[in-house]
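Below is one structure, written out as structure tokens; comments come after it.
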Amino acid sequence: MSALFAPTVPRLAALPPSRRALEIPTSPDRPVLTARVARLRGAGSMVRGRISRLSVRDVRFPTSLGGHGSDAMHTDPDYSAAYVVIETDAEDGIKGCGITFTLGKGTEVVVCAVNALAHHVLNKDLKDIVGDFRGFYRQLTSDGQLRWIGPEKGVVHLATAAVLNAVWDLWAKQEGKPVWKLLVDMDPRMLVSCIDFRYITDVLTEEDALEILQKGQVAKKEREKQMLAQGYPAYTTSCAWLGYSDDTLKQLCAQALKDGWTRFKVKVGADLQDDVRRCQIIRDMIGPEKTLMMDANQRWDVPEAVEWMSKLAKFKPLWIEEPTSPDDILGHAAISKALVPLGIGIATGEQCHNRVIFKQLLQAKALQFLQIDSCRLGSVNENLSVLLMAKKFEIPVCPHAGGVGLCELVQHLIIFDYISVSASLKNRMCEYVDHLHEHFKYPVMIQRASYMPPKDPGYSTEMKEESVKKHQYPDGEVWKKLLAAQEN
Ligand SMILES: C[C@H](O)[C@@H](O)[C@@H](O)[C@H](O)C(=O)O
Ligand SMILES: [Mg+2]
């Protein structure tokens, strides 16, 4: 269902001045706002226009019909997105598109949350937003009424990500650069000004962040060239969804090997005997040298995770992903302590609420591979803080991708990370899943099992209008047919 927001009179205008002050969460550093805007202008920035319109649509793909995306906890996922488009009055016709990844019915709840946040964006000058991005991020995440159903977690945070992803897309399009390049070229002080450091200054201060980013400037040009020539290494999850038959698994694995893939992820966690059989098939097919990862999608309690993985250790997995609840930091630490001696690392992050939980996972030595997600955290802004914390703790970042659009988005973050932050490819790779790219205007490009840096301006978030129309729920052609068939 589509919800459209025409320009409205700002809600604040109706309030007496005394209340207005209460309604606007002040930016931590509003006094330097003008300095930042000046810096933007000084950098020859092209930023322009006032946000005049925001629309959000519920777009769903019936992936559950083929068992695609299935795991031990999500047995029938319909890959979906709350798809946000923002427009400005700048008359250049450029729109910012943002998504957040959801599953089926969850989308309608996220769409409501985007609508509830829309007034923070409407009638704002893009220049003011990006000139004080930290302040704007905090305005969205500190809404005095909406933060009660977060804060910075769950539905309201997914919605924040969709909105901010659209802002980043708009900004990068206006600058004529892909987001990764916008970030790589950005002055480190400006990058730092996009991050909300609240709650993480015990491990990462603004000064620490600046120092990391300044060090990252060294040999940056060479790393950029390297990325453009070779791309960022990827692994595939496409062969081994839990709902696939052994025949499908074998067929897809054979094809992936032919296509040059060397790193594979298999879903586990529902039934031990099934896991043993499927892991044996895949290990036999890929041989002892290629990399295998396992993903339990939060299925186990802590002792169960250790016991189960001890039985799968013979298949030499590099990591077990989400062995238990994503909120259980100490549980992850305990599992890590038990499994690292067996050569198995812990990976987690696709359902990690925010930078605070990532901070604690790092502090507690609860993970060996950190999986950022472009749509679960508060967009580029919050992801920047996590990339910098991971660098400080020297933990490799291996982003979560797949779903619908996650590969398109996260490639920008990890390419930036390599060029400007980590400067390392050791133990690093980005997830790839071969679904639904055809619905995007600027789909990812994979060559030799690597992500080739996107060249089109923006965040690669724009979907093809005909795909959106067809898959909108429940009125799109695809869903009308499916729903009618269900009734008969
Ligand atoms: C429901 C989804 O497909 C998940 O299974 C998927 O994101 C997965 O955890 C992954 O790591 O790719
Ligand atoms: Mg996973």
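Start at 1 and go down the list; that is how both ligands and their atoms are numbered. Scope of the values below: all heavy atoms of this structure, side chains included, with no hydrogens, waters or symmetry mates.
Side-chain atoms of His353 and Glu152 include no donor-acceptor pair closer than 3.5 Å. Using modelled atom types and a 3.5 Å distance limit, the side chains of Asn354 and His157 yield no donor-acceptor pair.
Proximity of the aromatic rings of Tyr79 and His471 is defined here by a centroid distance below 6.0 angstrom, and this criterion is not met.
Crowding of Glu307 atom CD: a count of heavy atoms from other residues, nucleotides or ligands under 6.0 Å not exceeding 12. Shown here is Lys480, whose NZ atom has no more than 12 heavy atoms of other residues, nucleotides or ligands within 6.0 Å.
With sequence neighbours left out, the side chain to side chain donor-acceptor pair (under 3.5 Å) criterion links His332 to no other residue.
Within the protein, the number of N/O/S atoms found under 2.8 Å from the Mg ion (ligand 2) is 3.
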Could you list the donor-acceptor pairs under 3.5 angstrom formed between side-chain atoms of residues 385-396 and any protein atom two or more places apart in sequence or on another chain?
residue : atom : partner : partner atom : Å
Ser385  : OG   : Glu382  : O            : 2.6
Lys392  : NZ   : Val203  : O            : 2.7
Lys392  : NZ   : Asp208  : OD2          : 3.3

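The closest side-chain heavy-atom distance from Ile335 to Trp300 is not below 4.5 Å.
Note on Glu322 versus Lys265: no salt bridge recorded, every NZ/NE/NH1/NH2 to OD/OE distance being 4.0 Å or above.
Within 4.0 Å of ligand 1, heavy atoms belong to protein residues Gly69, Asp71, His74, Tyr79, Trp241, Lys265, Lys267, Asp295, Asn297, Glu321, Glu350, His400, Ala401, Glu431.
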